[in-house]
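Here the structure comes first, spelled out in C-alpha cells, and everything after it is commentary.
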Amino acid sequence: MDLKQMTAFCEIILSGSVSAAARKIGRTQPAISHLIVKLEDEIGMPLFERRGARLHPVPEADYLFRQCSDVLQHVKEIEATMRRMRDSSDGELRLVSMPGPTVEFLPGLFARHFGDNSKAQITIVSRSSEAVHRLMDAQQFDLGIADTLESLPAAQAAIRRTFQFRSVCAVPATHVLARKEVVTVHDLRNEPLASLLPEHHSTLDLTAAFADIGHTPNFRFVGQFFLPLLNYVRMGLAIAIVDPIAMGSWMRSQTRPEEIRFLPFEPQLDFNVDLISPSVRISSTLAKRFETCLLEEFEKIQQRVF
C-alpha cells in the first residue's frame, strides 16, 4: 500500500465515485480505478460494492479510511514542517555564547531576522569564553560566540572567524565628559569605573593604558558582562569602556537610552570576538541562515562609526 493508493481510496470514500475522485486528485479515471484494483489485490479483499455508477464501501473500508486519513494527514504535516525548515522558519538552533550577547543581542537578532511566525526551537546557553571554545571543539552546538583567546586547547576542531571591534566609552548623559567628542584615558584619571573581571582582556588592556600615563584605574564596580554595568553608568555612578555589541544592546533594550552617551575612546582598545562554527557537525538550514545573519551583523558593527 502506497500513498497514491491511500489518496485515491480516501477521495473515493469522500466523493462517492471514481470520476469525482479523479477530478479532485487531477488523475484520469482509469488511473484511479487501477490504483483501487491494485490496492484490493494487495490487501486480499474488496473495498467497495459496485451499485450502478457509484461505489459503496464495505464495512472494513471504514476502518481503512480512518487509518489512511491519519497517515495522509501526518504526511501533510511532515511536508509542511520540511517546507518551514527549508524556509528557515522551523527547525532547531543551538547557540553557546559568552554571557553578554545572550541577554539581548542574540534574541534580538533572531527576532529581527526571523520574526514571530517562526516555530524554530532555540537554545541559547551562556558560558565563559573558555567553555565556549571547548564546547564548539566538541561539536556540541551549531554556533558559538566567544572572546578570542591567545592560547587555545590543542584540539581545534571548530572553524573560527575573528572580528575586531573598537571599544567605546559609556558616560552618563549629565556628566561633563558627555560634552566631549572623544574621551581619553587622561579624562578618566579620577573617575570611578565599571569593568569586567580583573582577568578579562578588556580590564587588563585598560589597566595597561592607565599605567602608560602613570596612573591606576579606579575600578569601583566589577561584573561578568557589560549590560548590567551600564546601569551604574546610567545612574551616574561610573564610566565604562565597553564593546559596541553591548552599546547596541543597550540602545535597543532601554526605554531611555539617551541617559548614556557613547563616545570614541583613546587610546584605541580592541575587543576581538570569535564567531565559531563546527567543522564536523552538519548544520541545519536554519543554523546556516542564522550564521549568515551573525556574519552580516558583525561586519556592520565593525564598520559603524560615530
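All residue numbers refer to positions in the sequence shown, counting from 1.
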Say whether, by atom type as modelled, one donor and one acceptor occur between the side chain of [X] and the main chain of [Y] under 3.5 angstrom.
X	Y	value
S279	I159	no
R289	L286	no
E104	S253	no
S167	L269	yes
H133	D147	yes
E259	R234	no
T203	E199	no
D270	N272	no
D142	R94	yes
Q5	D2	yes

Taking a hydrophobic cluster as the set of Ile, Leu, Val, Met, Phe, Trp and Tyr residues connected by side-chain heavy atoms closer than 4.5 Å, whether directly or through intermediates, do [X] and [Y] fall within one such cluster?
X	Y	result
V75	L39	yes
M1	V37	no
L35	V58	no
V233	M235	yes
I32	L3	yes

Return the [atom1] to [atom2] distance between [X] and [Y], rounded to the nearest 0.5 Å.
X	Y	atom1	atom2	answer
R189	I213	CZ	CD1	6.0 Å
C169	M247	SG	CE	12.0 Å
L135	Q140	CG	CD	5.0 Å
I301	F105	CD1	CZ	4.5 Å
L177	L263	CG	CG	8.5 Å
L295	F290	CG	CZ	11.0 Å

Decide if atom [atom1] of [X] counts as having more than 12 heavy atoms of other residues, nucleotides or ligands within a radius under 6.0 Å.
X	atom1	answer
D212	CG	yes
Q73	CD	yes
H34	NE2	no
Y232	OH	no
K180	NZ	yes

Side chain proximity check, [X] to [Y], heavy atoms < 4.5 angstrom:
X	Y	result
F65	C10	yes
K38	K4	no
M251	F262	yes
E181	P264	no
P198	V222	yes
V18	I12	yes
L193	F210	yes
S97	L106	yes

So which atom in [X] and which in [Y] form the shortest heavy-atom distance, rounded to 0.1 Å?
X	Y	value
I260	L230	CD1-O, 3.3 Å
F48	E40	N-OE2, 3.6 Å
P244	R166	CD-O, 3.4 Å
S195	L229	O-CD1, 3.1 Å
A209	P267	CB-CG, 4.0 Å
A194	A240	O-CB, 3.4 Å

Could you walk me through whether E291 and S277 pass the side-chain contact (heavy atoms from CB on, under 4.5 Å) check?
CA-CA 8 Å; E291 182 176 4; S277 54; 3.5 Å; yes

Residue pair S202, H200: steps toward the side-chain hydrogen bond (donor to acceptor under 3.5 Å, both in side chains) verdict:
CA-CA 5 Å; S202 64; H200 194 271; 2.8 Å; yes

Please name the residue in the list V242, V168, I241 that meets the side-chain contact (heavy atoms from CB on, under 4.5 Å) test with F265.
I241

With I145 as reference, evaluate L294, L95, I276, D274 under the side-chain contact (heavy atoms from CB on, under 4.5 Å) test and give the passing residue.
L294

Does a side-chain N-to-carboxylate-O contact under 4.0 Å join R27 and E11?
no

Under the side-chain contact (heavy atoms from CB on, under 4.5 Å) rule, what do T162 and F298 come out as? Steps first, then yes or no, please.
CA-CA 10 Å; T162 300; F298 281 169; over 6 Å; no

Can a side-chain donor-acceptor contact be found between H113 and E297 if the only test is distance below 3.5 angstrom?
no

